[in-house]
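Nothing fancy with the numbering, it's 1 onward along the sequence. Computed from a prediction, not measured in an experiment: that's the story for all the values here.
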Amino acid sequence: QRADRFSEIVTQVGYPTDYFATILGLQNGVHAHCFELIAATQAIASQIVLMAKHHLACLRPDRRGANVMPMIPTPAHGSFPSGHATEAFAVAIVLAGLVRTLNARPTAKRPYPLAEPLINLLYKQAERIAVNRTVAGLHYPIDTWAGAALGEALGQIILAKCQKNGGK
């Protein structure tokens with residue numbers, strides 16, 4: 001899978017915002033608030049997952065043996081849970097909630113008439129971003145699973161806080 005995913009893996013070293021924005025047709029000037037929400041979600045998820053990584057301090061695959069050759073530089077912090085999985089799933093959950101909220105409007109004002117297929121693409125994109133880190137040699141599959149679960153929980157919390165009543 002490395003040859004097929006190389007360019008994706010390299011471009012996903014930082015926050016892979018564009019991979020989600022493309023699915024929903026988001027544009028910088030027009031959807032500035034949406035990009036701010038994505039950035040805030042990624043920043044929150046990143047800080048939470050880094051705290052977990054610090055406390056758990058799990059060695060990365062290349063630190064356990066010379067058989068694993070990472071495709072990109074290995075971060076200095078621990079591997080569990082996967083930060084990219086956490087961030088990607090948090091963003092997917094938040095964007096899916098946003099799409100569902102926008103589509104709760106009257107039919108004529110719905111920006112995404114085919115909401116569920118787009119939401120499924122958001123989740124598939126999050127999964128692909130997460131798995132790419134395992135393919136790259138930076139994570140074990142369990143890191144990805146834990147990161148995805150943490151990201152889903154964080155995404156739900158962020159969505160709740162975005163409600164008019166602040167999630168109360």
Side-chain angles (χ1 to χ4, degrees), residues 1-28 31-32 34-99 117-159 161:
Q1 293 178 332
R2 284 183 164 201
D4 293 339
R5 295 184 180 211
F6 178 77
S7 61
E8 277 180 66
I9 289 168
V10 170
T11 59
Q12 292 171 353
V13 171
Y15 291 138
T17 305
D18 292 341
Y19 284 84
F20 291 106
T22 302
I23 293 171
L24 298 179
L26 302 177
Q27 299 172 358
N28 281 328
H31 303 101
C34 192
F35 280 104
E36 288 176 18
L37 180 60
I38 293 170
T41 299
Q42 289 169 328
I44 291 166
S46 179
Q47 291 304 307
I48 298 294
V49 79
L50 282 173
M51 286 190 282
K53 285 174 178 282
H54 174 73
H55 288 291
L56 297 170
C58 297
L59 295 177
R60 291 191 177 265
D62 66 324
R63 302 292 189 255
R64 294 196 178 271
N67 292 342
V68 177
M69 299 294 292
M71 295 173 65
I72 54 178
T74 305
H77 49 264
S79 70
F80 185 85
S82 167
H84 273 66
T86 302
E87 295 156 9
F89 276 89
V91 168
I93 293 290
V94 168
L95 290 177
L98 182 62
V99 168
L118 288 176
I119 289 169
N120 289 337
L121 285 174
L122 291 170
Y123 294 141
K124 286 182 185 293
Q125 187 64 267
E127 180 181 352
R128 180 137 177 137
I129 290 166
V131 170
N132 278 347
R133 303 295 281 186
T134 302
V135 171
L138 302 176
H139 287 287
Y140 299 100
I142 190 70
D143 301 342
T144 299
W145 299 331
L150 178 58
E152 287 182 20
L154 289 172
Q156 292 297 337
I157 292 167
I158 292 166
L159 272 180
K161 292 298 181 184

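Across A43 and Y15, no two heavy atoms sit closer than the pair CA-OH, 3.9 Å. Listed here is the closest heavy atom pair of I93 and G155: CG2-C, 3.5 Å. The shortest heavy-atom contact between A126 and A88 is CB-O, 3.6 Å. Heavy atoms only, all atoms of each residue included: P61 and Y140 are closest at CA-OH, 3.2 Å. Nearest heavy atom pair, residue V94 against residue L37, reads CG1-CD2, 3.6 Å. Contact record, F80 with D143: CD1-OD1, 3.3 Å, taken as the closest heavy-atom pair.
Looking only at distances, a side-chain donor or acceptor of H31 sits under 3.5 Å from a matching main-chain atom of Q27. Using a distance-only test at 3.5 Å, with no hydrogens or angles considered, no donor-acceptor pair links the side chain of H139 to the main chain of N132. Under the 3.5 Å distance criterion, the side-chain polar atoms of R60 are matched with a main-chain donor or acceptor of L138. At distances below 3.5 Å, not a single donor-acceptor pair connects side-chain atoms of D4 with backbone N or O atoms of Q1.
Here the CG-CG distance, from L95 to L159, works out to 9.0 Å after rounding to the nearest 0.5 Å. Taking CD of Q12 as the reference point, atom OG1 of T17 lies at 11.0 Å (rounded to 0.5 Å). The distance from the NZ atom of K161 to the CD1 atom of I158 is 11.0 Å, given to the nearest 0.5 Å. L24 contributes atom CG, which lies 8.0 Å from atom CG of L98 (distance to the nearest 0.5 angstrom). Taking CZ of F89 as the start and CD1 of I129 as the end, the distance is 9.0 Å to the nearest 0.5 Å. Atoms CD and CD1, on E87 and I44 in that order, are 11.5 Å from each other to the nearest 0.5 Å.
Screening residues 62-79 for salt bridge (Lys or Arg N to Asp or Glu O under 4.0 Å), with sequence neighbours left out, gives no hits.
In this structure, the salt bridge (Lys or Arg N to Asp or Glu O under 4.0 Å) partners of E8, at least two apart in sequence or on a different chain, are R128.
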- Message: Quick one, L26 with F20, criterion side chain to side chain contact (heavy atoms under 4.5 Å, CB included). Give me CA distance, side-chain angles, the key distance, then yes/no.
- Response: CA-CA 8 Å; L26 302 177; F20 291 106; over 6 Å; no

- Item | CA sep, side-chain torsions, deciding dist, call: H77, L50, side chain to side chain contact (heavy atoms under 4.5 Å, CB included) | CA-CA 8 Å; H77 49 264; L50 282 173; 3.9 Å; yes

- Item | Steps toward side chain to side chain contact (heavy atoms under 4.5 Å, CB included) verdict (I48, T86) | CA-CA 9 Å; I48 298 294; T86 302; over 6 Å; no

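Side-chain contact between T11 and P16: absent, with no pair of heavy atoms (C-beta onward) separated by less than 4.5 Å.
In F6, the CZ atom is not crowded: 12 or fewer heavy atoms of neighbouring residues, nucleotides or ligands sit closer than 6.0 Å.
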